[in-house]
2 protein chains.
Amino acid sequence: MTLDQIATPALIVDLDAFERNVATMKAFVEARGLRLRAHAKTHKSADIARYQIEHGGACGICCQKVSEAEALVAGGVRDVLVSNQVVDPTKIDRMAALATRARVLCCVDDAGNVADLSAAATRHGVTLECLVEVDVGAGRCGVAPGPAAVDLARAIAAAPGLTFAGLQAYQGNAQHLYAFAERKAAVAAAVALTRETVALLEAAGLPCPIVGGAGTGTYVFEAASGVYTELQCGSYIFMDADYRRVRDAADRPMGEFAPSLFLLTAIMSHAKPDQAVCDAGLKVQSVDSGLPVVFGRDDVEYVACSDEHGVIADPKGVLRLNERLKLIPGHCDPTCNIHDWYVAVRGDRVEALWPVTARGLAF
Amino acid sequence: MTLDQIATPALIVDLDAFERNVATMKAFVEARGLRLRAHAKTHKSADIARYQIEHGGACGICCQKVSEAEALVAGGVRDVLVSNQVVDPTKIDRMAALATRARVLCCVDDAGNVADLSAAATRHGVTLECLVEVDVGAGRCGVAPGPAAVDLARAIAAAPGLTFAGLQAYQGNAQHLYAFAERKAAVAAAVALTRETVALLEAAGLPCPIVGGAGTGTYVFEAASGVYTELQCGSYIFMDADYRRVRDAADRPMGEFAPSLFLLTAIMSHAKPDQAVCDAGLKVQSVDSGLPVVFGRDDVEYVACSDEHGVIADPKGVLRLNERLKLIPGHCDPTCNIHDWYVAVRGDRVEALWPVTARGLAF
């Protein structure tokens, strides 16, 4: 089957670009003696997670929800960090049950949660490895770096069934700052807070086997810090339109990654001479980080989006009905979560269908 | 099962509010002798479509894609307008095949498309009813009102296997104008263009059995026009946060509809005194029309969204871990499209699970 036989709209992965991206990150972490715990929240695919582990230098994966972890362990992954808080009693129980079948780690930012996790781990006869999440600038979950983190680490270390495994110190807000200097400064601040907290923990007899964080927008900074030991990049495999804007000629930390994820779309209306309408709208993508960008074309532009339509400015009237375009999604993670499968193509040929294993699993 | 036993985040429908909304619209169209062709793009559910037909005064449904039409016909619907262009050869063929099992209508804005539809209808021995889509201000698909529409209607009427069924004249841009006067003026302009085109068609011996359009934001205006005969409202059953903003004290065209669709979410982190984090982010909703609104609470506010998290401002620190909130989604249609099922509840009790039958079907 070839590209032009795929029903549109469809989510496609260019395998050549994808494999190069994966190999590039592998070489990066191996050259620096760092671990990569690739973030599966980006793709939610057991096929891709296994590929990252088998061919991409990943020691395991991150995911964000217990249901994702369950789906990916069922799909063959054996080392999962739920890089998030798990506080609901039913979810805690499911996560502890999962630890009978895989290495399971999670994040903690609440003292009461430690007792609940410990009880579940004991009940299931497992060990849950806990990272203390510190808020190093993302302004979301996490305790303050410093003494609060040490107190929580102590509680974890003392709790039956739990081990203190280190820190989760992800600066999510820094990833999409467009200016190189701003990204670098935001991560420098996060690194300083993390370093200080690691030192306090060590002084308290609580060393950190894992200091985790970093994303596709900033990983070069965390990698150079000497503090972070596990990078949690996810989007590097696909490189969406917003990450494409997060590039800087002075340093080009992401210049090595190429877009590999596309929405294949077709023109379905061209009743106005200078405007076409394509069949990819809000129901096949998330536009929270901006509209998609038409790949490889500077003569046409995706300018507006409604539920089932994309309006394409076509000032020279070059597009034809049923003509196909490849769109680089604005934001890959929530876009992939809408689709049931990836159509993996090499050149013009369809090579595989990968289910989006954990699609819609948000609980 | 009760509301507090549902794993969060989940998409829930309050059946009392939903049924009242459906009944209200039924009474509205019946009092005016109009047809309601409810838009199933909102919910993509065969259960809800059948309910609208059996209990809500709907003569049939609209949908936007052939795959949606197939799923809903398989689910028991017998009268479907694909309120969109269908130009891909494979999709045309599938739509003609579907017309062996249900009444099928579609929209046309291209002369070349008429020949393709005609050939497929002839091949399958069916009749496809075609509406000429006119652009009455939405700026998307559709030919210009007036003579261009007449030319296209003539071509349809002359084509074997097709019948000219009238006009599709949906003013999508008017639906979400917040000011009553602006909405009214936008629809008045659309009505004038539509009336003129209907008159031209009648003069040419091409009467319009259907003049279709209108949405939840403007249907009172189209209903009063004397020109439109089929209303295509969709969101009235759910009333999302953006449609809640489209209300006007002077006329209150939507004052009668209550929110019935909610994201049930739970607090998963409260490490800062004045800020909580809930488990409903971009992967359970579309924020293209704004963030969700916390239902029934004015002491807390959903202020930011990332892939798996919602940040809740909690200035008085009243929220507790695992406490649940009901969110009114910003935009219902693309939010429903992410979920696999609706949890239908009456009061606190779960009464049904409705699959989102056509979830993700975009082709």
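Note that the structure is predicted; figures quoted are calculated from it, not measured. In what follows, chains are A, B, ... by sequence order, proteins preceding strands, each numbered from 1.
- Heavy atoms closer than 4.5 Å to chain B are found in both the backbone and the side chain of Asp109(A).
- Of the two parts of Asp135(A), only the side chain, counted from C-beta on, holds a non-hydrogen atom closer than 4.5 Å to a non-hydrogen atom of chain B.
- Expressed to the nearest 0.5 Å, how far CG of Asn113(A) lies from CG of Asn322(B) amounts to 8.5 Å.
- For chain B, the nearby part of Leu321(A) is the side chain; its heavy atoms alone come within less than 4.5 Å.
- Looking at Gln275(A), its side chain does come within 3.5 Å of a backbone N or O of Gly139(B) through a donor-acceptor pair.
- Between Arg140(B) and Ser306(A) the shortest heavy-atom distance is NH1-OG, 2.8 Å.
- Listed options Asn337(A), Thr335(A), Asp110(A) were ranked by heavy-atom pairs under 4.5 angstrom with chain B; first place goes to Asn337(A).
- Counting all heavy atoms, side chain and backbone alike, Ala271(B) lies closest to Gly142(A) at CB-O, 3.3 Å.
- Shown here is Trp341(A), whose CH2 atom has no more than 12 heavy atoms of other residues, nucleotides or ligands within 6.0 Å.
- Heavy atoms of Asp333(B) lying under 4.5 Å from chain A belong to its backbone as well as its side chain.
- Chain B forms more heavy-atom pairs under 4.5 Å with one residue of Ala304(A), Gly112(A), Cys141(A), Pro89(A) than with any other, namely Cys141(A).
- Residues Asp88(B) and Met268(A) form no side-chain contact, since every pair of their non-hydrogen atoms from C-beta on lies 4.5 Å or further apart.
- Under a 3.5 Å cut-off, the side chain of Lys91(B) and the backbone N or O of Thr8(A) do form a donor-acceptor pair.
- Residues Asn84(A) and His309(B) have side chains that bring a donor and an acceptor to within less than 3.5 angstrom of each other.
- Taking both residues in full, the closest heavy atoms of Ala362(A) and Val284(B) are given as CB-CG1, 3.5 Å, listed atom of the first, atom of the second, then distance.
- Across Ile267(A), Asp307(A), Val311(A), the residue that shares the most heavy-atom pairs under 4.5 angstrom with chain B is Asp307(A).
- Proximity to chain A is absent for every atom of Gln5(B), based on heavy atoms less than 4.5 angstrom apart.
- Among the candidates Arg359(A), Gln85(A), His331(A), the residue making the largest number of heavy-atom pairs closer than 4.5 Å to chain B is Arg359(A).
- For Ala266(A), no part lies under 4.5 angstrom from a heavy atom of chain B.
- Checked for salt-bridge contact, Asp279(B) and Lys65(A) miss the test: no charged N lies under 4.0 Å from a carboxylate O.
- Considering every non-hydrogen atom in both Ser286(B) and Leu282(A), the closest pair reads OG-CD2, 4.5 Å.
- Nearest approach of Phe363(A) to Ala7(B), heavy atoms of both residues: CB-CB, 4.2 Å.
- When heavy atoms are compared at a cutoff of 4.5 Å, Glu308(A) approaches chain B by way of both its backbone and its side chain.
- In plain terms, the two heavy atoms of Lys41(A) and Lys283(B) that are nearest each other are O-NZ, 2.7 Å.
- The contact between Gln64(B) and chain A is made entirely by side chain atoms (from C-beta outward), counting heavy-atom distances below 4.5 Å.
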